[in-house]
Amino acid sequence: MTPYALAYTLHVLPALIWVGGMFFAWMILRPATVSELDTPARLKLWPEVFRRFFQWVWVAVVVLPLSGIGLLHLRFPSLESAPAYVHIMMGLYLVMLALFLRVQLLQLPQLRRAVELRDWPAGGAALGRIRRLVGFNLLTGLSLVAIAAARPTF
């Protein structure tokens, strides 16, 4: 395996896990839990889902910029010479990171606290805020993947 192929693989896999995980949670798991679980059971489930998924997202948060920098250095002489789509991808990564950190550090503790206190209305509100942020992050991630695949020239 060439260094470029290794860096590219290490770049694609965490992106796939992060964006694919959000797609699964938003499009499959969330509707299933709404239709099959009552509010307390649903609100108890999500902190555990997030705990497990966010372990993988943290891996992606670290590996994506490292592999991206590796790809940049293997393919282009400098950041300035990289095409616009590379710069857009870097910017969208920062947006996704900021949204993830907002959920992880601000919203998820509110959900956990509400579940511990069995405050289901507060838990529902916290989960709703998380759902909207994850939805926006999913759209951002899908846009990033589309740009990476298309590699448009501007």
Side-chain angles (χ1 to χ4, degrees), residues 7-72 79 82-154:
Y8 192 74
T9 301
L10 290 175
H11 200 65
V12 170
L13 289 177
L16 176 68
I17 290 167
W18 190 358
V19 176
M22 289 189 298
F23 183 87
F24 173 78
W26 182 268
M27 300 300 293
I28 311 301
L29 185 58
R30 186 183 66 84
T33 62
V34 169
S35 71
E36 297 299 321
L37 300 175
D38 63 5
T39 299
R42 189 170 58 248
L43 292 174
K44 290 177 190 175
L45 172 71
W46 279 105
E48 183 63 15
V49 169
F50 289 129
R51 184 187 68 78
R52 291 169 185 261
F53 178 55
F54 286 177
Q55 291 173 347
W56 289 100
V57 175
W58 278 112
V59 171
V61 161
V62 171
V63 173
L64 281 167
L66 293 175
S67 59
I69 291 167
L71 288 169
L72 184 69
L79 178 60
Y85 76 86
V86 172
H87 295 267
I88 293 168
M89 287 171 53
M90 292 167 62
L92 290 176
Y93 165 81
L94 293 174
V95 170
M96 289 183 68
L97 175 61
L99 290 167
F100 165 67
L101 290 174
R102 182 175 175 99
V103 170
Q104 173 77 63
L105 301 174
L106 300 176
Q107 305 301 322
L108 190 54
Q110 292 175 9
L111 175 60
R112 285 189 187 119
R113 193 168 28 261
V115 169
E116 287 171 9
L117 297 173
R118 298 185 183 278
D119 184 350
W120 308 129
L127 187 58
R129 287 188 295 275
I130 291 170
R131 178 182 51 80
R132 285 186 293 279
L133 290 169
V134 170
F136 187 70
N137 217 8
L138 173 59
L139 291 174
T140 305
L142 291 172
S143 299
L144 196 157
V145 168
I147 289 167
R151 297 180 181 179
T153 56
F154 301 102

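When a residue number appears, it is its place in the shown sequence, counting from 1.
Residues forming a side chain to side chain donor-acceptor pair (under 3.5 Å) with Arg42 (at least two apart in sequence, or on another chain): Thr39. Considering only residues two or more places apart in sequence or on other chains, Trp26 meets the side chain to side chain donor-acceptor pair (under 3.5 Å) condition with none of them.
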Pairs of donor and acceptor atoms involving the side chains of residues 121-138, under 3.5 Å and at least two apart or interchain, shall be tabulated with distances.
{"residue": "Arg129", "atom": "NE", "partner": "Gln107", "partner atom": "OE1", "Å": "3.0"}
{"residue": "Arg129", "atom": "NH2", "partner": "Gln110", "partner atom": "OE1", "Å": "2.7"}
{"residue": "Arg132", "atom": "NH1", "partner": "Gly128", "partner atom": "O", "Å": "3.3"}
{"residue": "Asn137", "atom": "ND2", "partner": "Met96", "partner atom": "O", "Å": "3.3"}

Residues 50-66 side chain polar contacts: donor-acceptor under 3.5 Å, at least two apart:
{"residue": "Arg51", "atom": "NE", "partner": "Glu48", "partner atom": "OE1", "Å": "3.1"}
{"residue": "Arg51", "atom": "NE", "partner": "Glu48", "partner atom": "OE2", "Å": "3.3"}
{"residue": "Arg51", "atom": "NH2", "partner": "Glu48", "partner atom": "OE2", "Å": "2.6"}
{"residue": "Arg52", "atom": "NE", "partner": "Glu48", "partner atom": "OE2", "Å": "2.8"}
{"residue": "Arg52", "atom": "NH2", "partner": "Glu48", "partner atom": "OE2", "Å": "3.2"}
{"residue": "Trp58", "atom": "NE1", "partner": "Gln104", "partner atom": "OE1", "Å": "3.3"}

Using residues 143-154 as the side-chain source, report each donor-acceptor pair under 3.5 Å to any protein atom, sequence neighbours left out, with the distance given to one decimal.
{"residue": "Ser143", "atom": "OG", "partner": "Leu139", "partner atom": "O", "Å": "2.9"}
{"residue": "Arg151", "atom": "NE", "partner": "Ala148", "partner atom": "O", "Å": "3.4"}

**Asked** Passes side chain to side chain contact (heavy atoms under 4.5 Å, CB included), Met90 versus Val86? Steps please.
**Response** CA-CA 6 Å; Met90 292 167 62; Val86 172; 4.1 Å; yes
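One finds the CD atom of Glu36 at 12.5 Å from the CG atom of Leu45 (value rounded to the nearest 0.5 Å). A distance of 11.0 Å separates CG in Leu111 from CG in Asp119, rounded to the nearest 0.5 Å.
Side-chain contact between Leu79 and His87: present, with at least one pair of heavy atoms (C-beta onward) separated by less than 4.5 Å.
Screening residues 8-23 for side-chain hydrogen bond (donor to acceptor under 3.5 Å, both in side chains) gives His11-Ser67 as the qualifying pairs, with residues at least two apart or on separate chains.
Nearest heavy-atom pair, Ala41 versus Leu37, reported as atom, atom and distance to 0.1 Å: CB-CB, 4.2 Å. Shown here for Ala82 and Leu72, the closest heavy-atom pair between the two residues is CB-CD1, 3.6 Å. In plain terms, the two heavy atoms of Trp46 and Arg30 that are nearest each other are CZ2-CA, 3.8 Å.
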